[in-house]
Amino acid sequence: MIEVGKDVVVVGGGPSGLAAAVRLAELGYSAAVVESGDELGGILIQCIHDGFGTKLFGKALSGPEFASSFIERLGELGVEAWTRTHVVRVRLEGGSWVLTAVSPRGVLRFKSRAVVYATGCRERTPFEIRVGGTRPAGVYTAGLVQRLVNLYGVLPGRRVLIVGGGDVGMIVARHLHLEGVEELLVVFPEPWFAGLPRNVQQCILDFGIPFRPRTIVKEIVGKERVEGAVLVRVDEKWQPIKGTEEFYPCDAVVFSVGLVPNASQLEELGAEIDPRTRGPVVNEYFETSLRGVFAVGNLLTPFDYVDDAVETAFIAAEGVSKHLSGEARRDKPIPLRPGPNVRLLVPHRVEWASGRDVTLFLRPSVERENPRISVRSSGGELYHTRRRYARPSLMERVELPRGLVESSPEGVVVDVE
Amino acid sequence: MLSDVVCVRCPRSCLIRVAVEEGSVKSVEGYGCRLGFEYAVEEVTNPKRTVCSTVRVVGGRYPRLPVRTSEPVPKSKIREVVEALRGVTVKAPVRRGEVIVRNVAGTGADVVAEMDVEPEAA
Amino acid sequence: MGLEKKVRKVLERYSGYNLSCEIRDGVVFLYGRVRSYEEWVEIGLEVGRIKGVEGVVNKIVWDGYPAEKVREREERRRRIFEENKGRVVGSYDVVVIGGGVTGTAIARELSRYQLRIALLEKAPDVATGATKANNGMIHAGVEPPRSTLKRKLNVKGCRMYERWARELNFKYKRVGSLWLITPRTLEKYRRFLPGPLYTLVLKYVLPYIVVLKGIINGVRGLRVVRGRKIFEMEPYAARDALAAVYVPWTAIVDPYEVAVALAENAAANGVEIFTSTEVVGFLKEGDTIKGVVTNRGVFLCRYVVNAAGVYADEIAEMAGSPEYTIHPRKGVLVLFHRSTGSYVRHCLAEIILPPPPRTKGGGINPTPHGNVMWGPTAVEVPDKEDVSVDPEEVQLVLAKYSTILSEFPRDRVIRYFAGVRAATFTEDFVIRPAKWVRNLLHVAGIQSPGLASAPAIAEYAVQKLREMGLELREKPSFNPFREPIPSLRDMEPEQAEELIRRDSRWGHVVCECELVTEAEIVEAIRRGARTVDAVKRRTRAGMGECQGGRCLIKVAMILSRELGVPLPAVLKEEAPLFDGYVRGEAW
């Protein structure tokens, strides 16, 4: 048994985990990164397109480039990184967290006073959107295909149907188009692509890749290999319109239908889970309901920009510091609640007695021109900020002065108006 | 000639109309900010894209190496850039930023490695 | 002739059609044409119910009958037959056709004796038909009618499982079942039972009728449970449950694990297993089979066992003894995430009388790995290979069974799938020597409770072979035990440490959802897995909530390396996963 004692253990070596470890090391704490996969960098390693880091570095890096900057910094700081190391058990023993992990080097026991979870998210499967038919060879999720094409140089098929009009779907469509797939079609239930306009232009329109809005896949057809899919048009409520079924011949169907936080280990540990985000419930420093256990990045909820995911890691690092130095917490946390026009909101409460302003991330449930993002208590509006545009596909970030929240101990409601 | 450009600089997605006569921009309408103005003019007169793809790499963990153009290249050249990567094979180790193809497809831009590749024990 | 008259009486009811019949040795052959597939099924079932009918071969066609497809299939078989009939693979005492749980069980039972045995399976792996797509329940035997063979073998088979589990080391849990009686149970008869009488019958009469049915079938130990006791046993049971019948014998297994274990043990005891081997015809001398012709060549043999599942009727016909037609009955199952396991302790069902046609026989059950499964449904389908799932059927399952449990996170579905039951029109197991071929044993119509009956079916089949003249001399070297593939999931860290010291691949987790290591995958391949799905059935890699989204490529890479085939050519089940390289650049 290999014993590793640190101030903090970071579970997950993707961008958020790396950022947390870097910041913690910069603050003077000893940290170790534990990563299940073969290398550090997480999902960014397969995201070979550019556009990462515009907020953080002011330039458009590719995924591997963005990851490299953190990996190199981690090396400079001398932080231990354990790849191919998978945490199988977590226990609280005498005030310390003990993580048991397996790796080809043996079984490891990491002991620390704080843990930062940065396990990212997983892709939603076609089962989760109730696609019917069969599941022969040729049915994949977009992330898997991205990895297959960009790291292994292997194609999923010759005629590919892509389901989902978000950023991942569009980016995968462009790669497949450039790397030799003969025929492509993108379908999605919304009236227009849900992803960034930049990607609509540069991934779809630039290459004239065909697409069909208001269309979903009802069934996949094929016994051994995909032979096609039954497409059906949907109305504004995404309900299939009877009689509009159409067979589309193809040999692969790629699903890009959303991401879900990888929170099962935290859930098993007993951390409170938000049914909206399906990630952990956290306080303003992204600490979960388990004291000393923090959650950062896409494990909270999938972010649009890696820059924002990384920001949560920086904030959590400060939280770890507060936890390790035993700073005071409030007797009663102040809840932060989403209003009717907000689909999800993190963090969920303010728990520390003092500290930085509260960084909120929220996803609207409505589309609005020139909206106000407002924060109200029972006594009325405390704060508002304007945006030019709000829509469900866009995560909003709001810096909320701490004092305002502290003046409303019964809680505040954040809404888009 | 009138061209409509959907601005990609921010999520607001302004519809910008650019009028071009005899190769010079006569008017730009509908932009919401300076960035949008600049984007629309470039998009109409000389649209450019960064091309990202992969080449074969021998001796690394994965059989492909992610690469990109060192700067944006004319949109009309994307195909040619990708074609120029056909058959290119590099050997590990590779360093991030290393030039894989110089002056690709005559664009003046180089194709560079996006990441380090360490040699793997077979 | 009494039988013929009875059959004609049934056919007369379909007066618009020109239907005819022919009866040979108790087997009824039906001819003619009807409008719908439903009618085709209905007529077959009605004739099958007539006392004295030993089999129904339904040659009636319906509008939309895929004549062209049938012709193509026969043409293909003929071609493969001609190409391979002259090439001998080997000579065997017994050839078993079909690598489902039935075929593998018979092969393993035969391997106790000094015999040369071959098991032929069409797919690249065993357990790819109905065996992989059922709910894994080992029924006690209360439900089948008293006089049926399936009743007899079910009751016996269920009792034999514990020993099988011990010898073959597959996961087996005797969880028992709880059949709930609720106000919905006799809804259809409510008008005959005014006011309090209805509740009285449900609480104090019906449960004992069920217990009595058990006793009649030879299943003792059923218990009636009422009131708080129900919820002590099953905390989330329907709040309005009035009574329940507890069946202590019911167990759960992973059905494919059972078949894989049987196949491994059979192989260890000398059975030769040929996968990707499709039977296309027989070489015969008079009424005796001399050889089984496949795409690999001819397997010369003295006896043939037809355990071909949904294809058993076609095998029987090829062999020259068509005695039944299979009418495929599809069942859809819905699988839930492991975190739902805490909601369900027993196999649960709600008694509804009469049973609703599309959901009869279905219920809710835990799995040996802590998941929960709902279903199956029951729908007659014309195509034996139709394992497609209609999303509305998933909704039907979710709606129908939600009355069994009061709270259950129904949104945690991780997969749904369909299997096809190999039902005959007599709706019973057909395990008997062929009527018109001397050395062929039918083991057909093995629908539910086929899995539960498998141990008894194997014994019974071997007994039949003995009666047909096969001499059985015990083999002293027979070893009934099989070691499972160890699993990191079930290990304490110290045990893992020990394994990693010996082989570092025990420390490399490939499937994070189900905690499967590279060593387990390599071991599965060593034991014969050749496809991604075969690895999945043996190790559970890809069975978790991401459904292989994260580990599929890793598993495929390991298969590629171990088998020496390029990544794009690695098979899922029967077809390659991927298709070619970027810019054609192979590596």
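Convention: sequence-line order gives letters A, B, ...; per-chain numbering from 1. Keep in mind that the numbers below use all heavy atoms, side chains included, and drop hydrogens, waters and symmetry copies.
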Answer key: most heavy-atom pairs under 4.5 Å with chain C among Ala137(A), Gly133(A), Gly132(A) is Gly133(A)
Neighbour count >12 (heavy atoms, 6.0 Å) for atom NZ, Lys111(A): no
Dump the intermediate steps for side-chain contact (heavy atoms from CB on, under 4.5 Å) on Asn262(A) and Arg550(C), then the final yes or no. CA-CA 12 Å; Asn262(A) 255 333; Arg550(C) 289 181 291 177; 3.1 Å; yes
Greatest number of non-hydrogen atom pairs under 4.5 angstrom with chain C, of Val260(A), Leu144(A), Leu155(A), falls to Leu155(A)
Which atoms of Arg412(C) come close to chain A, meaning under 4.5 Å heavy atom to heavy atom: side chain ones, backbone ones, both, or neither? side chain
Where does Arg122(A) contact chain C at under 4.5 Å (heavy atoms): side chain, backbone, both or neither? side chain
When the 4.5 angstrom heavy-atom criterion is applied to Gln265(A) and chain C, the contacting part is neither
Please determine whether side-chain contact (heavy atoms from CB on, under 4.5 Å) holds for the pair Lys554(C) and Asp38(A), giving the CA-CA distance in whole Å, both sets of side-chain angles, and the decisive distance to 0.1 Å. CA-CA 11 Å; Lys554(C) 293 188 216 168; Asp38(A) 291 348; 5.8 Å; no
Donor-acceptor contact present, side-chain Arg225(A) to main-chain Leu577(C), <3.5 Å: yes
Heavy-atom contact with chain A under 4.5 Å, split by part of Pro576(C): backbone
If we define contacts as heavy-atom pairs under 4.5 Å, which of Ala252(A), Pro156(A), Gly180(A) has the most with chain C? Pro156(A)
Which atoms form the tightest heavy-atom contact between Val102(A) and Ala496(C), and what is the distance? CG1-CB, 4.5 Å
What distance separates Ser264(A) OG from Arg338(C) CZ, expressed to the nearest 0.5 Å? 8.0 Å
Counting only heavy atoms closer than 4.5 Å, note whether Leu398(C) contacts chain A via side chain, backbone, both or neither. side chain
Counting only heavy atoms not in Arg91(A) (residues, nucleotides, ligands), do more than 12 fall under 6.0 Å from its CZ? no
Taking every heavy atom of Asp579(C) against every heavy atom of Gly157(A), the minimum-distance pair comes out as CB-CA, 3.7 Å
Take Val154(A) and Trp587(C) through the side-chain contact (heavy atoms from CB on, under 4.5 Å) test and state the conclusion after the steps. CA-CA 10 Å; Val154(A) 167; Trp587(C) 36 274; 4.0 Å; yes
If you define the side chain from C-beta out and look only at heavy atoms, does anything of Leu488(C) sit under 4.5 Å from His86(A)? no
Mind ranking Val149(A), Val131(A), Thr85(A), Leu178(A) by heavy-atom pairs under 4.5 Å with chain C and telling me who comes out on top? Val131(A)
So for Leu515(C), is it side chain, backbone, both, or neither that comes closer than 4.5 Å to the heavy atoms of chain A? side chain
Option in Arg147(A), Glu268(A), Glu267(A), Arg84(A) with maximal non-hydrogen atom pairs under 4.5 Å from chain C: Arg84(A)
In terms of heavy-atom proximity below 4.5 Å to chain C, should Val88(A) be classed as side chain, backbone, both, or neither? side chain
Is the Tyr416(C) ring parallel, tilted or perpendicular to the Phe127(A) ring (thresholds 30°, 60°)? perpendicular
Step by step, would you call Glu224(A) with Lys572(C) a side-chain contact (heavy atoms from CB on, under 4.5 Å)? CA-CA 8 Å; Glu224(A) 294 167 14; Lys572(C) 181 185 184 282; over 6 Å; no
Checking heavy atoms, do the side chain of Glu498(C), its backbone, both or neither come under 4.5 Å from chain A? neither
Working to the nearest 0.5 Å, report the span between CD of Glu497(C) and OG1 of Thr100(A). 11.0 Å
Give a yes or no on whether a salt bridge exists between Glu573(C) and Lys223(A), defined as a side-chain N under 4.0 angstrom from a carboxylate O. no
Flag the one option from Arg505(C), Met557(C), Glu585(C) with the top tally of heavy-atom pairs under 4.5 Å to chain A. Met557(C)
Region of Arg89(A) in contact with chain C, defined by heavy-atom distances below 4.5 Å: side chain
Segment of Tyr152(A) engaging chain C (4.5 angstrom heavy-atom cut-off): both
Would you call Leu148(A) and Leu567(C) a side-chain contact if the rule is heavy atoms closer than 4.5 Å? yes
Could you check which of Gly548(C), Cys546(C), Cys513(C), Gly580(C) has the highest count of heavy-atom pairs closer than 4.5 Å to chain A? Gly580(C)
Contact check, side chains of Arg135(A) and Arg415(C), non-hydrogen atoms, under 4.5 Å: yes
Under 4.5 Å heavy-atom distance to chain A, tell me which part of Val394(C) shows up: side chain, backbone, both or neither. side chain
Which bit of Glu545(C) comes within less than 4.5 Å of chain A, counting heavy atoms only: side chain, backbone, both or neither? both
